Amino acid sequence: MQPTPEEPRDRDIRGPVDASVVPRFAGIATFARLPRLDEVGRAHVAIAGVPFDSGVSYRPGARFGPAHVREASRLLRPYNPAQDVFPFGAQQVADAGDIVANPFDIAEAVRQIEAGALDLARHADKLVAIGGDHTIALPLLRAVHAKHGPVAVLHFDAHLDTWDTYFGAPTTHGTPFRRASEEGLIDLTASMHVGIRGPLYAKSDLDDDERLGFSIVTSEYLEENGLAAAIDRMRARIGDAPLYISIDIDVLDPAHAPGTGTPEAGGLTSRELLRMIRSLADRNIVGADVVEVAPAYDHAQLTAVAASHVAYELISAMAPRA
Ligand SMILES: N=C(N)NCCCC(=O)O
Ligand SMILES: [Zn+2]
Ligand SMILES: [Zn+2]
């Protein structure tokens, strides 16, 4: 449909392809059918894929996540009533393509992802990255730190991802937030995991995690105390610190997001996750990622639809309010 008259669209802002002119299922799948970054030159928000999954401990396949999420994002529409915002009209959003990373050398891949994110920072104020496995959060946080200093990390995940090493390897999808904490990339007073559940390796995992600067809203806390209480804790912890949001799609229950590499029972609904993101629209979100979508285990695009809506809600929360 045409943008409605009340849409606060700046004449210079280029939005998605009009779905009443070109059907949604036609054309190249940029995220939400937005223009490419090289077509608009500069953007407030760039979306980039990071098709890297050499850091996984279990099922591989998240390297195919960016293409799968873009494909499912064709159905997104210009107006988000839940936030009363036109996410692609209130700001220029563009698809920057994929950041290239060496699949055979994790250390080099991590350097490439950081360099790619820093390069994009010259053309876009904020980056929303689509993974890829959770390893990519480390180089993305390094790039964010270069611009903002230590940031509050709000991490939605079934897993802590503050473990030390796997098979002696320090850089994996189970370790990004330990490395980030050790490097001083995160604000130790304002960071939090949400949705943690399931088996750990040892009780001391939780002590390590606290020492590394995280507090936790578990899935059980949410179940017992309700969404509003969980949101209150989250908002109180973050305060007004610059905020980086990292969303592992396995924070959702496997019923909502089966297409992922390390699924855990008893997770959030997509409705709960979307509302939690919405509650952050008044905060200073400086960047975000949505990771761990592995299409080989998906069904009927369930996981990709969830991930594309999560990204849409993030971009909406980043949009300036009139
Ligand atoms: N970041 C994700 N999705 N998973 C980490 C799980 C690490 C493990 O196998 O214990
Ligand atoms: Zn996880
Ligand atoms: Zn994770």
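Computed from a predicted structure; not experimentally measured. Both counts, for ligands and for their atoms, begin at 1 and track the order of listing.
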A.B. asks: For this output row, return yes or no: ring centroids of His134 and Phe177 closer than 6.0 angstrom.
C.D. replies: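 Distance test on ring centres: under 6.0 Å, yes.
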A.B. asks: Give one line per pair: atom of ligand 1, protein atom, distance. Only N/O to N/O under 3.5 Å.
C.D. replies:
from     : atom 1 : to     : atom 2 : distance (Å)
ligand 1 : 1 (N)  : Asp161 : OD1    : 3.1
ligand 1 : 1 (N)  : Asp161 : OD2    : 3.0
ligand 1 : 1 (N)  : His173 : O      : 2.9
ligand 1 : 1 (N)  : Asp248 : OD2    : 3.3
ligand 1 : 3 (N)  : Asp248 : OD2    : 2.8
ligand 1 : 3 (N)  : Asp250 : OD2    : 3.0
ligand 1 : 3 (N)  : Thr262 : OG1    : 3.1
ligand 1 : 4 (N)  : His159 : ND1    : 3.4
ligand 1 : 4 (N)  : Thr262 : OG1    : 3.2
ligand 1 : 9 (O)  : Ser57  : OG     : 2.5
ligand 1 : 10 (O) : Tyr166 : OH     : 2.8
ligand 1 : 10 (O) : Tyr201 : OH     : 2.4

A.B. asks: Dump the intermediate steps for side chain to side chain contact (heavy atoms under 4.5 Å, CB included) on Thr269 and Asp253, then the final yes or no.
C.D. replies: CA-CA 6 Å; Thr269 65; Asp253 191 89; over 6 Å; no
A.B. asks: Kindly confirm or rule out a cation-pi arrangement of Arg74 over Phe25, judged by NZ or CZ under 6.0 Å from the six-membered ring centre and within 45° of its axis?
C.D. replies: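 Verdict for Phe25: no cation-pi partner in Arg74.
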A.B. asks: With a 4.5 Å limit on heavy-atom distance, are the side chains of Arg111 and Asn102 in contact?
C.D. replies: no
A.B. asks: Side-chain contact, heavy-atom cut-off 4.5 Å: Val290 with Leu314?
C.D. replies: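 In short, these two side chains touch, coming nearer than 4.5 Å.
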A.B. asks: With salt bridge (charged side-chain N to carboxylate O under 4.0 Å, His left out) as the criterion, how do Glu183 and Arg142 come out once you've worked through the C-alpha distance, each side chain's angles and the decisive distance to 0.1 Å?
C.D. replies: CA-CA 9 Å; Glu183 290 179 23; Arg142 286 177 179 157; 2.6 Å; yes
A.B. asks: Can you check the number of protein N/O/S atoms within less than 2.8 Å of the Zn ion (ligand 3)?
C.D. replies: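 Atoms of protein N, O or S type lying less than 2.8 Å from the Zn ion (ligand 3) total 4.
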A.B. asks: Does the gap between the ring centers of Phe88 and Tyr312 come in under 6.0 Å?
C.D. replies: yes
A.B. asks: Salt bridge check: are Arg24 and Asp18 linked by an N-O gap of less than 4.0 Å?
C.D. replies: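 No salt bridge links Arg24 with Asp18.
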A.B. asks: Under 30°, 30 to 60°, or over 60°: which ring-plane class applies to Phe86 and Tyr79, parallel, tilted or perpendicular?
C.D. replies: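 The arrangement is tilted - the two ring planes meet at 30° to 60°.
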